[in-house]
Amino acid sequence: MTTLVLLSDLVFESNDKLDQRIRSLFDSEQPSIGYIPSCSDLERKYFEHTKRYYNQIGIDNIQYYDLDLEYEESTFGAIFECDAIHLSGGNTFYFLSLLQKRNVLGLLRSYVNSGGILIGVSAGSILTTPTIEIAGYGEDADENDVGLDDMKALGLVKFEFAPHWDGSEDTLNSLREYTRVNRTAVYACQDGGGVVIDGESVELYGNVRLVDYRESGSDHE
């Protein structure tokens with residue numbers, strides 16, 4: 001039973017229905033969330049922002065687990081005892097390189113497969129999909145400064161995810177081209193929206209659009 005939340009951004013004036021849905025995924029009265037930053041957040045700036053978001057929906061126990069400069073192998077394993085794991089936004093290539101370096105990809109897959117909730121924001125959402133290739137696509141692409149060759153991500157869903165959709169048809173057309181070339185499907189998501197995977201169901205909140213090469217007229221096989 002896979003439980004995932006894919007967010008484009010953490011927006012405080014966001015979607016009440018989405019916030020309530022996220023809260024409803026937790027069985028526990030006092031849930032715990034383990035936070036993994038995409039790179040060391042030494043001043044905890046982004047971590048504090050994320051904590052505020054969760055506090056707002058009634059979750060107070062948020063713990064920080066670094067894979068980068070402050071990585072502690074002996075204590076990192078405790079994250080898998082949390083009710084949910086949050087993967088932050090940032091540079092998707094760098095984030096995946098850290099997950100590879102610390103051998104965490106397989107552990108995260110096992111965690112989700114055994115009932116853990118995985119919540120991603122932007123780069124963190126892209127990491128739940130089969131590949132992070134889309135992070136390097138388009139005008140606002142992430143830079144692959146780490147020279148990452150292996151783009152394989154967690155593969156917990158069959159589609160890809162494009163955060164920060166500007167709502168324009170031009171961007172959707174660009175994504176249509178991407179899906180045609182890569183023979184894939186992409187959910188384009190505006191900030192404030194999200195996709196919730198609860199078992200077999202895919203629930204869309206806010207402004208989210210599915211682009212699938214199999215559904216674009218002349219692209220039919």
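For reference, positions follow the sequence shown, starting with 1.
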N/O donor-acceptor pairs under 3.5 Å from side chains in residues 101-114, not counting sequence neighbours:
{"residue": "Arg102", "atom": "NE", "partner": "Leu67", "partner atom": "O", "Å": "2.7"}
{"residue": "Arg102", "atom": "NH2", "partner": "Leu67", "partner atom": "O", "Å": "3.2"}
{"residue": "Arg102", "atom": "NH2", "partner": "Asp68", "partner atom": "O", "Å": "3.2"}
{"residue": "Arg109", "atom": "NE", "partner": "Leu154", "partner atom": "O", "Å": "2.8"}
{"residue": "Arg109", "atom": "NH2", "partner": "Ala153", "partner atom": "O", "Å": "3.1"}
{"residue": "Ser110", "atom": "OG", "partner": "Gly106", "partner atom": "O", "Å": "3.0"}
{"residue": "Tyr111", "atom": "OH", "partner": "Cys82", "partner atom": "O", "Å": "2.8"}
{"residue": "Tyr111", "atom": "OH", "partner": "Asp83", "partner atom": "O", "Å": "3.1"}
{"residue": "Tyr111", "atom": "OH", "partner": "Ala84", "partner atom": "N", "Å": "3.1"}
{"residue": "Asn113", "atom": "ND2", "partner": "Arg109", "partner atom": "O", "Å": "3.1"}
{"residue": "Ser114", "atom": "OG", "partner": "Ser110", "partner atom": "O", "Å": "2.7"}
{"residue": "Ser114", "atom": "OG", "partner": "Tyr111", "partner atom": "O", "Å": "3.3"}

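- A side-chain donor-acceptor contact under 3.5 Å links Arg176 and Asn173.
- Within the structure, side-chain hydrogen bond (donor to acceptor under 3.5 Å, both in side chains) pairs that include any residue of residues 126-146 comprise Thr92-Asp142, Tyr137-Ser174 (at least two apart or interchain).
- Atom CD1 in Ile197 sits 11.5 Å away from atom CE in Met1 (nearest 0.5 Å).
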Q: Take Glu160 and Tyr187 through the test side chain to side chain donor-acceptor pair (under 3.5 Å) and record every step on the way to the result.
A: CA-CA 6 Å; Glu160 294 181 55; Tyr187 279 101; over 6 Å; no
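- Residue Thr171 holds its OG1 atom at 8.0 Å from CH2 of Trp165, rounded to the nearest 0.5 Å.
- Here the CD-CG distance, from Gln20 to Leu25, works out to 12.0 Å after rounding to the nearest 0.5 Å.
- Separation of atoms CG (Leu7) and CG (Leu87) is listed at 11.0 Å; rounding is to 0.5 Å.
- At least one side-chain heavy atom of Phe93 sits less than 4.5 Å from a side-chain heavy atom of Ile132.
- Here Tyr53 contributes atom OH and Leu10 contributes atom CG; the two are 6.5 Å apart, rounded to the nearest 0.5 Å.
- Donor-acceptor pairing under 3.5 Å is lacking for the side chains of Asp170 and Ser168.
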Q) Between Arg21 and Asp198, does a salt bridge (charged side-chain N to carboxylate O under 4.0 Å, His left out) hold up when you go through it step by step? A) CA-CA 10 Å; Arg21 185 67 180 103; Asp198 190 5; 2.7 Å; yes
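- In this structure, Val181 shares a hydrophobic cluster with no other residue, the cluster being traced through Ile, Leu, Val, Met, Phe, Trp and Tyr side chains under 4.5 angstrom apart.
- Atom CG of Asp9 sits about 7.0 Å away from atom OG of Ser122, to the nearest 0.5 Å.
- Between His86 and Tyr35, the ring planes are parallel. Angles under 30° get that label, and only those over 60° would be called perpendicular.
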